[in-house]
> 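Below is one structure. I have some questions about it.
Sequential numbering from 1 along the given sequence is applied to the chain's residues. Counting convention: from 1, in listed order, for ligands and their atoms alike. Side chains are part of it too, since the values below use all heavy atoms of this structure and drop only hydrogens, waters and symmetry mates.
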Amino acid sequence: MKLFAGNYIDGQWLPSASDEHIEVADPNTGLACSRVTSGHENDALKAIEAASAAFPAWSKTPLQERIAAIQRLAGHLGDMADDLAHCIAGEVGTPLKIARIVQTLAPIQNCSNFIEIAGTFPWQRKIKHSMVLREPVGVVACITPWNFPLHQIVLKIVPALLCGNTVVLKPSELTPGTTRLFGEALHKSGLPPGVLNIVNGLGQNVGMPLAQSRAVHMVSFTGSTRTGQAIMQAASATIKKISLELGGKSPSVILPGADLQRAVKATLGGCMLNNGQTCNALTRMLVPANRLDETEALLKAEFHKLAVGSSLDAAHRVGPLISAAQQQRVRDLVQSGLDQGASILAKNDAIPHDGFFVAPMALSVQPDNVLAREEVFGPVLSVIAYQSVQEAIMLANDTEYGLAAAVWGEREEALDAARLIRAGQVDINGAPFNPFAPFGGYGQSGIGREGGEVGFEEFLEYKAIQLPLDAAE
Ligand code: NAD
């Protein structure tokens, strides 16, 4: 069994102050495969100290040197791409092909995207007689989830470092192998000691002290809405900048003018991505009531083709969930949904016996069903019938979340609907993901945005220097 005991602090791997460990299981077999330190408050404090000491010099380092450091980091991640993809497929359960393209190559490419943004960013501008500067916030705590482990790390630490901040990263305790590979790439990239530190462990032991610390100037968090609330509360005592990327219950609105077959197929693909363990998964499919039977037939045909099995076999499109707890949670939610009157439209029961698999399924639900309201985080699609376009928009917005949405229909009707949906991103007719566009949510999906220039700016403060009027001309 692999042991991940240490933390990367001040440029070196150090043992944790805790000698307690958490066991992590292999999602494909269900058997314990590694142990990771459960972490200690003193680890977090040591990392904050290192990041604080590194801040004055790093924040003054010329941008070109910061860019060169990120280029080296991206280069080393690129060299490890195969290992990273296999590790993520093995730890998260992401099917290998998706682990390679979405979980590994996309984040490595995103390093270059942020370098491009940094290179053209307006760091200084005049507003009347003020010189307005953009400056790093200070020490940033980045707390990340397990579902897209490398992607979430890159989305935070790369813009944070390019902006001149120093960072304490607290990755998910459920993906210690991915964290270790990332740490190796980081070490090789030769960033000055203390600029980026990694502390492993449980949220309560490590994440909480980071959120509470007076020496941390910003917390950038991605994870569940419940943890986001706890972090916001903990951070409030020291008034720090906060960015929260939380859960979702994103609708796919299939309008009367849509190509139903294309819309159903793509919505299912969006829902099943990463086995449903995706924050912006399209989990509520809204269809015209008079096309429900047709939708059911299309879903049955698609589920028939959905190959479920080991995530390490490139032929599979759906793998296991990450943990026994997640598997149980999804099964319980489905049972509650059935108890509340949901009916199964299509299902694929051909799943392995061992491991944390859940049979992918689509259910017809009423808008007040738990499956229409709660984030399931598994391969479960809820189908809701509507009578009018007005009702479809009302149902799309009938959620506490607001992370993402899709609309299908004739271009103008789809655009009109997109304008009415309260969500941070809306894709029309299968338009692809844009890493330069802001990503984040309305409502309980969070505060702030990640990605692109808007996400980059989250890691900057404004400073306005007023010039005497005679010098301002
Ligand atoms: P989680 O909230 O359980 O954990 C996220 C991180 O927070 C982990 O590193 C965890 O150790 C830490 N943490 C847990 N409790 C903490 C506490 N009390 N104080 C400080 N840190 C704490 O979430 P998860 O299960 O890892 O991830 C799944 C969730 O993340 C889903 O809800 C998903 O929608 C969301 N997510 C959102 C986005 C987005 O961009 N909006 C992206 C990916 C995932």
> Can you check whether I153's main-chain N or O pairs, donor with acceptor, with T144's side chain at less than 3.5 Å?
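A pair under 3.5 Å: no.
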> Can the positive tip of R134 be found less than 6.0 Å from the middle of the six-membered ring of Y462, inside 45° of the ring normal?
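Yes - R134 lies over the ring of Y462, closer than 6.0 Å to its centre and within 45° of its axis.
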> Taking K241 for its side chain and H217 for its backbone only, find out whether a donor-acceptor pair lies under 3.5 Å.
no
> Output yes when a side-chain donor or acceptor of Q327 lies under 3.5 Å from a complementary backbone atom of F357, and no otherwise.
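Indeed, once roles are kept as given, a pair shorter than 3.5 Å links the two residues.
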> Can you pull the residues with any heavy atom under 4.0 Å from ligand 1?
I143, T144, P145, W146, N147, Q152, K170, P171, S172, E173, G203, Q204, G207, M208, F221, T222, G223, S224, T227, I231, E245, L246, G247, C279, E375, F377, L403, F439
> May I ask you to decide if T29's main-chain N or O and D354's side chain share a donor-acceptor pair within less than 3.5 Å?
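No, because the side chain of D354 does not come within donor-acceptor range (under 3.5 Å) of the backbone of T29.
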> Would a distance-only check, ignoring hydrogens and angles, find a side-chain to backbone donor-acceptor pair under 3.5 Å from D43 to H40?
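Yes; at least one donor-acceptor contact below 3.5 Å.
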